[in-house]
Each structure stands twice: as C-alpha cells, then as structure tokens.
Number of protein chains: 2
Amino acid sequence: MITNMESIKNTLQVKGIKPTYVRLKILDYLERNRFHPTAEEIFKSLEKKVPTLSRTSVYNTLNIFKEKGLLNPLFITGSEVHFDRNTTPHHHFFCKECKKIIDLNIECAYFKEGDVEGHKITELHGYFKGICKDCLKKGATNGYHNSI
Amino acid sequence: MITNMESIKNTLQVKGIKPTYVRLKILDYLERNRFHPTAEEIFKSLEKKVPTLSRTSVYNTLNIFKEKGLLNPLFITGSEVHFDRNTTPHHHFFCKECKKIIDLNIECAYFKEGDVEGHKITELHGYFKGICKDCLKKGATNGYHNSI
DNA sequence: TTATAGAATTATAATGATTACAAATATGGA
DNA sequence: TCCATATTTGTAATCATTATAATTCTATAA
Ligand SMILES: [Mn+2]
Ligand SMILES: [Mn+2]
Ligand SMILES: [Zn+2]
Ligand SMILES: [Zn+2]
C-alpha cells in the first residue's frame, strides 16, 4: 500500500521537482490544509516540526510549486497571497466577518469557452466578498448592528 | 454651463468629502484616466502640476474615496493596488503581454442575485488573465513561440 | 570510502508598497 | 485678525516578499 508521503513524493517527481524533505513537508501541509494558507501560516505551522526551516525556503518552494502548476495563488485579500493546492478552476468567497476563504462550486461559461470579448483567457480569479452562510446564521452584518 | 471641475467638486460634496485642492486634482485625474492607475501612477502624473504633492496625500485621499464609495480597488496583479473610478460592478481582463487592465461587459448572475451558495455577496472581483485581443492580433503568445 | 561539484537551504539584507505619526500649513468662522 | 480644526507634508515604520551570498546537503565518480 502506497503511504501518503509516498504519493506526495510521486506528485513532485511527476512534475519534475526533486522531492527534498522541505518540499515534501510543504506539499504534505498543502494537501492536508485546504483553507488556503499564506506563506506565513505554512511557515509557522511547519516550524514546530522542522525547526531549521526558513521563511525563504517556504517562499522559494511555493514559487516552484506555482511555476510547475502544483498550486494557484489567490490575491483575494489585497495583502498577503493565499495558496490553493486545488488547481481545478474554481471561485472563492471571502467572509469579511470570520475572514475564511471558502471554495465555490459555480462555473464560468467564459472560462470554459477560453476567451472573453476576444481576449484569450489562461487564468481566472473569481473573488466574491461578503458574509458567509455561517456568520449570517450567527447574526453577523459586518460592523453594523442588527437589533431593532 | 457647469465646468468639469465644478462637477467634480459637486461629486465630492455629495459624498460628504470636503473638496480640497488635492482631492479635486486626484478625483479629476481618476475621472479622466480610466486605465485603472496605481497610487504611484497618480502621484507621478500629478506631481508635475502640483509640485508640493506628497505620496501620503495620494494614499490618504484614495483611502477616503474608497471608504465613501467613489472608487474600487483592484487586486488583479498581486503587487500594487489599481484604482477604478467606475464603481458599477464589472469584470476585468489583465493582459500578461501588454499589462493593460481592460474592462469587460459580461454580467454575473450570482452578483445580481445577491448571494452564492448561501453566502451574502457585497463585493465582486472578477479577474481574467491571458492575452488581450490586440496582442493576439500582433501574434503574442506570452513567451512561447508561435512558429511551426 | 572519500572527494567534490551542484543543488537546496539558510541567514541576512534589500526592496517595494503602504501605513503611522507628528510637524507644518491651510481654512473658515468668531 | 485670531484661533480651532482639518488637511497636507516629510519622515520613519511596517509588512510581505525577493535578492544575495554563505552554508549544508546529496549524488556520484575516483
Ligand atoms: Mn480554493
Ligand atoms: Mn474597470
Ligand atoms: Zn464568516
Ligand atoms: Zn495585451
């Protein structure tokens, strides 16, 4: 039986990336943590288990993964970049209340078509912002009060 | 007849923003330059006519305009923020070849509806990337060669 | 096994966009 | 005119990210 670490190793090799310890750890983290983490979040979490890890390695590795198509960057917040191991085109929802980035399963006809208004599309970023389902249930209205 | 500067002054007053010289100049610039400029581009251009202008004032003013709904920030490139005086919801196309940000006139059913998958939408960012119509005509393929 | 070249990782410095802060200046009413 | 307040400015600080060069690892040939 192929263990999880072996399949991660294979994923790297298929993409022509040498499966080093640091790269395995970062890809493993991304596979297990699908909340669209930032470079800093990845670093902070892996630091505990890999004390020699450097922020530079995290950034380098993420850039390699990006180039090889193992992940997509999200520019949804306007400050840090978030990383998405799921490279299947999909949209995102950013909750202004709980700050979660939620995957959406809606589809885009233009992207499927490959072009919009004559321009050739190679990349799609669909970012919705507002209040997520859960926060709505809790009565959130993002700053403004709800009461009568 | 109402001059352009007077209508800009009025726009500010309607939004409850005191129409100072700096603010008038920046809003006037945004009205006349619809290519989605960055703070730096606005500063560089206005600096010539307003030599005392500071970068800080440009950033402050843009933040005020954003808060009051006079413009929308675009996080399309992942580096600098671009500003859009057109606050009507619309999508954008970023050309990887000529770096232009082009307005798209496609519409989003979910945004019109006001929610996606149960989440309440207040903001929409639709960013397509690829090669624009004009660059395609010129034979651009963004890095990779076209020949047989 | 050991030497060694090349790749990966690290620590540190640098960069670039943006914000924080406090001093200087302008503005509008008493 | 004088003064309180808002605006603008210059400068320093911050934050995410990249650049650079030194260090460490790794694979392989002698
Ligand atoms: Mn996602
Ligand atoms: Mn636009
Ligand atoms: Zn939420
Ligand atoms: Zn183009």
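Lettering follows sequence order; numbering is per chain, from 1.
Shown are A:Thr88, A:Thr87, A:Leu124; of these, the side chain to side chain contact (heavy atoms under 4.5 Å, CB included) with A:Asn72 is made only by A:Thr87.
Aromatic ring orientation, A:His36 versus A:His90: tilted (interplanar angle from 30° to 60°). Aromatic ring pairs are classed by plane angle as parallel below 30°, tilted from 30° to 60° and perpendicular above 60°; the pair A:His91 and A:Phe128 is tilted.
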Side-chain atoms of residues 44-54 of chain A: list all donor-acceptor pairs with protein atoms under 3.5 Å, sequence neighbours left out, distances to 0.1 Å.
from: A:Ser54; atom 1: OG; to: A:Ser57; atom 2: N; distance (Å): 3.1
from: A:Ser54; atom 1: OG; to: A:Ser57; atom 2: OG; distance (Å): 3.2

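Between A:Thr52 and the phosphate of C:dT10, there is a side-chain N or O to OP1/OP2 separation shorter than 4.0 Å.
For B:Asp134, the side-chain contact (heavy atoms from CB on, under 4.5 Å) partners two or more places apart in sequence, or in a different chain, are B:Cys132, B:Lys137. Partners of B:Glu117 by salt bridge (Lys or Arg N to Asp or Glu O under 4.0 Å), not counting sequence neighbours: none found.
Chain B approaches DNA chain D over the interval D:dA6 to D:dT11, counting the first and last nucleotide 5' to 3' with an atom under 4.0 Å from its heavy atoms.
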Checking A:Leu62 against A:Leu30 for the side-chain contact (heavy atoms from CB on, under 4.5 Å) test, could you report, in this order, the C-alpha distance in whole Å, the side-chain angles of both residues, the deciding distance, and whether it holds? CA-CA 10 Å; A:Leu62 290 170; A:Leu30 289 168; 4.1 Å; yes
Stepwise side-chain contact (heavy atoms from CB on, under 4.5 Å) check, A:Ile101 with A:Phe93: CA-CA 6 Å; A:Ile101 296 172; A:Phe93 187 91; over 6 Å; no
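For the segment residues 11-32 of chain B, the set of residues with a heavy atom within less than 4.0 Å of an atom of DNA chain C is empty.
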Classify every nucleotide of nucleotides 13-21 of chain C by which part a protein heavy atom approaches to under 4.0 Å, writing B for the base, S for the sugar-phosphate alone and - for neither, in 5'-to-3' order. ----SBBBB
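Residues B:Tyr127 and B:Val81 share a single hydrophobic cluster, defined by chaining ILVMFWY side chains whose heavy atoms lie under 4.5 Å apart.
Taking the six-membered ring for Trp and the full ring otherwise, the centers of A:His125 and A:His92 sit at least 6.0 Å from each other.
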